[in-house]
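Numbers for residues simply follow the sequence, beginning at 1. Just so you know, these numbers use all the heavy atoms, side chains as well, and skip hydrogens, waters and symmetry mates.
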Amino acid sequence: MVSNVSNVDAPRAVDILGGASMGTSWSVKLVAPAHADLHRVHAGIQATLDRVVAQMSNWEADSDLSRYNASPAGSWHVLPEEFWTVLSCALKVAHASGGAYDPTIGPLVDAWGFGPAGRQAGAFSPDAVRAQVGWQRVVLDADTRRALQPGGTRLDLCAIAKGHAVDAVAAQLRADGIDCALVEVGGELAGYGRKPDGSPWRVIVEGWSGDEDDASEPRVLALDALAVATSGDRWHRRSHEGREVSHTLDPRTGRAVADAPTAVTVAAPDAMHADAWATALTVLGMREGYELAEALGLAARFVDARDGDVVERMTPAFEALLA
């Protein structure tokens, strides 16, 4: 007879799960209870991400967000709970950032060729498209969890939905009895609990000039009930009128940000806020973004790498988190 008693004190292992969603990849490192069904855990993660896509993807024609975008002026829409939570947060960040982040940026994203429709044929007027953008136009009714479509408003939650997806997966894992996990969706991260050796999850914060061999000093964060998101002009560039433009668009001007920092990293208790604020601070830039982050007590790190020089600025709240 084989006894299982000896397995009781066996060291717990870190398991790694992964997959694809939201046009990117996801991965989860976790410490599961003994005899946990990792296939069921994986299915739960994927179902959670699929639900976020079904509610908030502007790439899916039948998502709740796409139906809102296509609806007539004056119509009210009862939103699923998660969609409501994300849109409410997005509007608050839009207000606090003076519109540097704006969830109604959909027309600009499409016009510049970063949306589902791809690059437009011919020229367009950023000013004319900008007239279709404005977070103030979205009216929410908290008592009924409804949102008003004022007419022509097109939501784009790409700069916050991935962060929410990270939070949603972490919540699902906790519900499944997973007391230690590091969740990553498209580069946005959240960690909680302690690994088998008692240490927290540690991650190196991104921030480089484009040269993988640059000598910028790595910054390490311990993610114990903490999330981190990074935005910047290193990703998703394309040619426009003979020059490269960043995917970072300024909703206030209708144009690509000319001098966006190479990378802006925000750490926060949840990835949803970290994601949205990383975008807002990237639009605001090294000086204005830093000043606002410091004033609001945000944990933010700015890296600028132009002309061969790497400039780094960290708010006091971010410095306090460094391992």
Side-chain angles (χ1 to χ4, degrees), residues 22 48-110 115-116 129-171 185 188 227 229 231 249-252 254 266 268-281 283-284 292 296-298:
M22 307 178 77
T48 297
L49 294 170
D50 291 346
R51 187 177 67 245
V52 175
V53 170
Q55 292 186 21
M56 288 170 263
S57 174
N58 57 335
W59 295 75
E60 300 292 334
D62 60 348
S63 71
D64 293 290
L65 181 145
S66 292
R67 288 197 293 270
Y68 171 90
N69 286 350
S71 62
S75 57
W76 284 91
H77 302 264
V78 177
L79 304 184
E81 184 176 356
E82 289 179 272
F83 188 177
W84 170 268
T85 297
V86 173
L87 181 56
S88 298
C89 176
L91 293 174
K92 289 176 182 177
V93 174
H95 178 266
S97 66
Y101 169 79
D102 191 326
T104 69
I105 199 173
L108 281 174
V109 173
D110 290 341
V129 179
R130 168 65 187 84
Q132 304 173 45
V133 175
W135 63 270
Q136 302 93 332
R137 303 174 67 208
V138 180
V139 178
L140 300 182
D141 182 351
D143 292 334
T144 59
R145 210 170 66 203
R146 295 187 304 164
L148 173 68
Q149 167 59 272
T153 291
R154 301 213 304 275
L155 298 174
D156 185 320
L157 299 176
C158 291
I160 190 173
K162 273 197 305 181
H164 166 72
V166 170
D167 297 331
V169 169
V185 179
E188 321 302 6
S231 182
L249 304 176
D250 189 338
R252 303 166 302 176
V266 175
D270 63 83
M272 177 174 65
H273 281 87
D275 199 7
W277 273 112
T279 298
L281 297 179
V283 171
L284 290 169
L292 179 60
L296 295 178
L298 299 175

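Side-chain contact check for L292 versus W277: some heavy-atom pair is nearer than 4.5 Å. M56 has its side chain out of reach of D64: every pair of non-hydrogen atoms, C-beta onward, lies at least 4.5 Å apart. Proximity of P103 to L91: side-chain heavy atoms (C-beta onward) are separated by under 4.5 Å at one or more points. Using a 4.5 Å cut-off on side-chain heavy atoms (C-beta onward), L155 and N58 make no contact.
Between R154 and D110, at least one side-chain N (NZ, or NE/NH1/NH2) sits under 4.0 Å from a carboxylate O, which counts as a salt bridge.
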Intermediate values then yes/no, side-chain contact (heavy atoms from CB on, under 4.5 Å), Y101 and L281: CA-CA 8 Å; Y101 169 79; L281 297 179; over 6 Å; no
Checking V138 against T104 for the side-chain contact (heavy atoms from CB on, under 4.5 Å) test, could you report, in this order, the C-alpha distance in whole Å, the side-chain angles of both residues, the deciding distance, and whether it holds? CA-CA 8 Å; V138 180; T104 69; 3.7 Å; yes
In sequence, state the C-alpha distance, the side-chain angles, and the governing distance for I160 and C89, and then conclude on side-chain contact (heavy atoms from CB on, under 4.5 Å). CA-CA 9 Å; I160 190 173; C89 176; 3.9 Å; yes
Test log, rule side-chain contact (heavy atoms from CB on, under 4.5 Å), inputs V78 and T144: CA-CA 7 Å; V78 177; T144 59; 5.8 Å; no
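A side-chain donor-acceptor contact under 3.5 Å links D275 to the backbone of G163. A donor-acceptor pair under 3.5 Å links the side-chain atoms of D102 to the main chain of W135, judged by distance alone. Proximity of a side-chain donor or acceptor of D167 to a complementary backbone N or O of M272 within less than 3.5 Å is detected. In this structure, T153 contributes its side chain and P150 its backbone to no donor-acceptor pair below 3.5 Å. Between the side chain of R137 and the backbone N or O of G151, at least one donor-acceptor pair lies under 3.5 Å. For the pair S57 (side chain) and A54 (backbone), a donor-acceptor distance under 3.5 Å is absent.
In plain terms, the two heavy atoms of G98 and R252 that are nearest each other are O-CD, 3.6 Å. Nearest heavy-atom pair across L108 and G254 is CD2-O, 3.4 Å. Residues S88 and L140 come closest through the heavy atom pair OG-CD1, 3.7 Å. In this structure, A227 and A274 approach most closely via the heavy-atom pair O-CB, 4.4 Å. The minimum heavy-atom distance linking W59 with C158 is given by the pair NE1-SG, 4.3 Å. Annotation for L49 and V169: closest pair CD2-CG2, 3.7 Å, computed over non-hydrogen atoms.
For R145 and W84, the positive end is not near the middle of the six-membered ring at less than 6.0 Å and at most 45° from its axis.
Between S66 and N69, the side chains place no donor N or O within less than 3.5 Å of an acceptor N or O (distance only, hydrogens not considered).
The only member of E82, H273, E188 that meets side-chain hydrogen bond (donor to acceptor under 3.5 Å, both in side chains) when paired with H164 is E82. With respect to H77, the side chain to side chain contact (heavy atoms under 4.5 Å, CB included) criterion is satisfied by exactly one of Q149, R67, R146: Q149.
With rounding to the nearest 0.5 Å, the separation of CD in Q55 from CG in D50 is 11.5 Å.
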